[in-house]
Amino acid sequence: MPTLSWNEIRDRALKFSKEWQGESRERAEKDSFYNDLFHVFGISRRRVATFEEPVKKLNDHYGFIDLFWKGKLLIEHKSKGQDLSKAYSQALDYFHGLKEHELPKYVLVSDFERFQLYNLDAGTEHRFTIAEFVDHIQLFGFIAGWEQRTIREEDPVNIEAAELMGRLHDRLQAAGYVGHDLEVYLVRLLFCLFADDTGIFERGIFEDYIRDRTHEDGSDLANHIAEIFQTLDTPVEKRYKHIDESINAFPYVNGALFSEGVRIAAFDSEMREMLLQACRLDWGEISPAIFGSMFQAAMNPQERRNLGAHYTSEKNILKVIQPLFLDELWQRFERAKHSPKQLRELHQHIASLTFLDPACGSGNFLIITYRELRRLELEILSMLRTDGQMILDVRELLQVSISQYYGIEYEEFAAKVAEVGMWLIEHQMNELASLKFGQNIVNLPLKDTAHIRHGNALRVDWQELVPQDQLNYIIGNPPFYGKQYQSKEQKADMKLVFDGVKGAGVLDYVAAWYLRAAQYIQETAVEVGFVSTNSITQGEQTGILWNELINEYGVVINFAHRTFRWSNDAKGKAAVHCVIIGFSLSHRRDKYLYDYEDIKGDPQEIKAKNINPYLVEGPSIAIPKRTKPICDVPPMNYGSMPNDGGNLVFNSDRKAEIIADDPRAETYIRRFVMGEELINDIDRWCLWIEEKDLKEVKSIKPIMDIMSAVKEKRSASTRSATNKLAAYPYRFGEIRQPNTNYIAFPRVSSMRRNYIPISILDKSVVAGDKVYTIECENMFHLGVLHSSMHMAWMRYTAGRMKSDYSYTNQITYNNFPFPVHISADHLSRVEECAEKILDVRKTFDGWSLADLYDPLTMPESLHRAHQQLDRAVDRCYRPQPFTSERNRIEYLFQLYEEYTAPLLAAESKKKAKKSRKQKG
């Protein structure tokens, strides 16, 4: 590996330019010229590059590249005074005959006196003379492995590398090399591949050894790799005296990465070629944060098909760590810029910070967090240098360490990848420091390590890993699993964590990390930032989780990203609607909400006085389930449930068959609607027979056949309640049919719609259990429910079912703050507007509610009618107009707090009275 300091390189560069400038040189001397150029950086040209490499050009004639370093550098040399631009064109002509992995990133053309260096990835060109070479040596840092790298999240190199390692994994597994040993083995290979390209090892020695010292059939490859691993774990002074010098060239790594004994693997020729293909990739271009997730996914053949979807993008990670701590640190840096004392204090502060990711996966959050603190550290040291502070050895001043980072991960393989990923990002940041300060920094043998624990974060004691008084921040992206997707083990975890919390069975798995974090941070200043599914801020889950967090543990929300699309721009990506919540036990002076007009776009930052669990500005309340409305309004009930095995309910064709069989049956057939039928105007029907009709229907054969089928189905059920219903096969299992005309409200509706389509139905229409009913024809009530005020409340308090709203009567309706103390004029205006909406709908004959309320096809006249209704309902709440949905929801939460304050006081009094009775 290169061991020269930057000052030594500068001295060599000065000597090189003096020796080769001024005199007339023959082209034949170019070999010595470029050998000396590589020597400037302490690299043997013979090890990495060849002269006069033959290659077939586009015209099918062979040409010879003057100097070629596969995948890195192509040099075209000319006699003094010749056209170097033409030489560059000639160099590009060679590309046609090169394989993909051989294409260079740099092209250099020269005539001894002049240089033109092209960085093809960055698209830059630099021209200078040999006398100016010493002022441009940083451009040649790539020779020593000190190049500035631009990591692209979906760079094909990341995906190709992961796929190669995945295929190698499959072949080793198929050969019988499995389990823990295989995981350790692959992680070690990952380290070696990365080290071979980034200056941890002397460049290329791992690839050279595999290519030159092992048999092509792969028969001896495993033994050689085992010897390399053993050497990497042995201090130089403790190695055998007669060790092969090619093996001895590998450095001592330490860090326990190579210390564990594992079985020797077995390779064949194809597997050897796979490993060499991996060696040929430029691992210096690979992001430890991105690759870790892909590498983990690549071990699963099903997930390997869509590797681009298996990482958390840097942009999304920054959405967590920037408002949590990073923004404030950079603001502090700006204030301290011109004060060496304050800069040193800030440096000490960031070097003391500690971080825990209790669901760290392959380390994405920890890696990016470490990288960002190292970037800030370099800026601090650069500013101290410009302020006249001498930096003789930057290694002594680098204080930010990977030992400040802690993680817990359920998957052993991911935990190992995270640990290695931290070493790799440490090296990349050392490379950056080397470039910035002109000093070579290679931390071998490894001294520091991140503290990654393999285990179930919901069952281990976090304080055993890092005591709470030694931690500053908890970060991460814990797993999302809705209750229906949780395994038996996960359900057991939830039961353990939420022991005694009523209703916790409906919570998403991610909620357990919120409660564990809240318990951990008690009596501390630790702050938390989690990515979560947005379901914990909507519907039933919100009241259950956040009432526990707020009332039992004193949690306050300090910043939040409202719902946005958490995904990567990759084929096969899994787009999830997420939120980010930052919380602690103390209120920040400045709180921020990040609101997304487009969930796939960038947010708008909004300053807030307080943030509630629905992620809006408002009091810290979480709405509970209620059996009765908080306002004086008619109840909203479920429709009737058939529980009939598909016999009592049928389509129009079946209806026609029944009537054709016996026309008397038509008397007992009524229209039936569920949510889908209501919205899409689908004709469905049901038998509706009351006890008084039984004598009459006994002689109607098609009806008796249906009743027999219902009885048989209910009798065969494993539920005793359903068995009892077999005695009444003529009626629905649960009957809640209104006795008057009623408002029909679908329980589920598409999120695309601005308004949930609701309607008034005749009492003869049977409402199924996917429709709520309100026994009321009141146009004012219909108008309020169909208004933007109620829709705003619904969007924040209703649950979600895939991409649909899932309306709940006990949460959304029963807690909705209806307007009170309304003037007769305002009430009358709402009734007129609601009636107008129904009238406009009737003019569109043949249109379903789905057609009418599709945002792309909604008729202008209906849109205007809804706007008029919105203005009328708004005036029932206050004279001033609401300018946005955010204004509406903030107002409604304030109103909710006013309405429920007396209810809460009454409940507290009731509880106190009950407690006194129990004591008495």
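On a predicted model such as this, the values are computed, not experimentally measured, just so you know.
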Value rounded to 0.5 Å, distance of CG in Leu398 from CD in Glu426:
9.5 Å

If you measure from CD on Gln348 to CG on Leu353, what distance do you get to the nearest 0.5 Å?
12.0 Å

Take Leu326 and Trp330 through the side-chain contact (heavy atoms from CB on, under 4.5 Å) test and state the conclusion after the steps.
CA-CA 6 Å; Leu326 197 57; Trp330 278 103; 3.9 Å; yes

Please check this pair: side chain of [X] against backbone of [Y], looking for a donor-acceptor N/O pair closer than 3.5 Å.
X      : Y      : result
Thr354 : Gln470 : yes
Thr524 : Ile521 : yes
His561 : Ile581 : no
Arg516 : Val497 : no
Asp196 : Glu207 : yes

So, [X] and [Y]: side-chain donor and acceptor under 3.5 Å apart, yes or no?
X      : Y      : result
Glu409 : His454 : no
Asp233 : Ser259 : no
His169 : Glu183 : no
Asp508 : Thr533 : no
Asp493 : Tyr509 : yes
Tyr252 : Glu237 : no

Could you check whether [Y] and [X] have their ring centres less than 6.0 Å apart?
X      : Y      : value
Phe530 : Tyr514 : yes
Phe559 : Tyr592 : no
Tyr405 : Tyr370 : yes
Phe365 : Phe355 : no

Does [X] pair with [Y] as a salt bridge, N-O distance under 4.0 Å?
X      : Y      : answer
Glu419 : Lys416 : no
Glu314 : Arg371 : yes
Lys341 : Glu345 : yes

Give the C-alpha distance, both sets of side-chain angles, the deciding distance and a yes or no for side-chain contact (heavy atoms from CB on, under 4.5 Å) between Cys192 and Tyr209.
CA-CA 12 Å; Cys192 290; Tyr209 190 93; over 6 Å; no

Please indicate whether Phe333 has more than 12 foreign heavy atoms, meaning atoms of other residues, nucleotides or ligands, lying under 6.0 Å from its CZ.
yes

Looking at Tyr553, I want to see if its OH is surrounded by more than 12 non-hydrogen atoms of other residues, nucleotides or ligands under 6.0 Å.
yes

Correct closest heavy-atom pair for Val556 and Ser586 would be CG2-O, 3.4 Å

Where does the angle between the aromatic ring planes of Phe194 and His427 fall among parallel (under 30°), tilted (30 to 60°) and perpendicular (over 60°)?
perpendicular

